[in-house]
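Please read the structure below before turning to the comments.
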Amino acid sequence: MAFSIALHLAIVLTVFSPESPAPRAPDPEPITVELFTPPPPPKVEIPLPKEEVTPPAPEAKPEPPAPAKSPPKRTAFRQTPAPRTITPLPAANTPSVDNGLEVSDAQLAGAATAGSGAPSGGGDCNMLRRLQAALRKDAMVQAAVAKAHGGRPIMVWNGDWVRHPSQEGGGLAAVREVIMWEVGFAPPACRSERVRGLVLITLRDEPGSARLVVGSDSWRWSDLLFARAGARGGD
């Protein structure tokens, strides 16, 4: 009985007894450490770029002195430039101003005007006044006559339409068209009215304004509609 109690007590003491500490490892042997200063790094020399050396400019050789010019010889004659060759231009195949294009004051003596009544001396028609009013209103007529005006009255129709050198067509084209339009739409009695001599058309009332001349020895207003070279109104 006592043995059994002692055995149980030994077991209890074995279970509840603290564990024995683990065996301690031996301390490591000490290591000797030496401190030293490392040497500085080696210096690396970087080559610098070479400066470009500009070769000296070659010395300019002195120019040889120019030979002395001998003074010009004096002569008693003066040199003149050679005459220029002038090629003559062919004359234009157009009538000159003196070839019946401008009318003198002597030729206009007795010429009828728009304020002198009908050129035939009677009747209700005054074609001259009708034409003068139409020509004064047309800007193209004013421009054409101003270009051809030389100071004297201009002959426009003398049995045929007179061509001026500076204008295209006979009778100054703009003037001819207005006259033919007015005559063509005039009453038949006015177109067939007989006129003797010249009639004078003034484009402005101011002194020195351009004037136009129409007419021949004996003619009719309808002759202007069928004018041809050398045509004259007959009885």
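- Here the closest non-hydrogen pair linking Gly215 and Leu198 is O-CD2, 3.4 Å.
- Shown here for Ala112 and Leu128, the closest heavy-atom pair between the two residues is O-CD2, 3.6 Å.
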Checklist entry - Passes side chain to side chain contact (heavy atoms under 4.5 Å, CB included), Leu172 versus Trp161? Steps please. => result CA-CA 8 Å; Leu172 301 175; Trp161 296 105; over 6 Å; no
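- Atom CZ of Arg211 sits about 11.0 Å away from atom OG1 of Thr113, to the nearest 0.5 Å.
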Checklist entry - Could you go step by step and tell me if Asp138 and Val175 meet the side chain to side chain contact (heavy atoms under 4.5 Å, CB included) rule? => result CA-CA 9 Å; Asp138 196 291; Val175 176; over 6 Å; no
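- Annotation for Ala144 and Ala174: closest pair CB-CB, 4.4 Å, computed over non-hydrogen atoms.
- Counted by atom type alone, Ser218 and Arg194 present one or more donor-acceptor pairs between their side chains at under 3.5 Å.
- Here the closest heavy-atom approach between residue Met180 and residue Leu225 is recorded as O-CD2, 3.6 Å.
- When each of Leu131, Val183, Leu135 is tested with Val178 by the rule side chain to side chain contact (heavy atoms under 4.5 Å, CB included), just one qualifies, namely Leu135.
- Across all non-hydrogen atoms, the minimal contact from Val145 to Ala210 is CG1-CB, 3.3 Å.
- There is a path of hydrophobic side-chain contacts, each under 4.5 Å, that joins Phe226 to Ile179.
- Looking only at distances, no side-chain donor or acceptor of Trp181 sits under 3.5 Å from a matching main-chain atom of Arg176.
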Next on the checklist: For Leu212 and Trp157: C-alpha separation, side-chain torsions, deciding distance, then whether side chain to side chain contact (heavy atoms under 4.5 Å, CB included) applies.
Outcome noted: CA-CA 9 Å; Leu212 304 176; Trp157 185 88; over 6 Å; no
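- Nearest heavy atom pair, residue Thr202 against residue Gln132, reads N-OE1, 3.0 Å.
- With Arg136 contributing its side chain and Gln142 its backbone, the two residues share no donor-acceptor pair below 3.5 Å.
- Between Lys147 and His164 the shortest side-chain heavy-atom distance does not fall below 4.5 Å.
- A donor-acceptor contact shorter than 3.5 Å is absent between the side chain of Glu193 and the backbone of Trp221.
- Checking side-chain atoms of Ser192 against main-chain N and O of Pro188 turns up a donor-acceptor pair under 3.5 Å.
- Not one N or O on the side chain of Arg191 forms a donor-acceptor pair closer than 3.5 Å with the backbone of Ser222.
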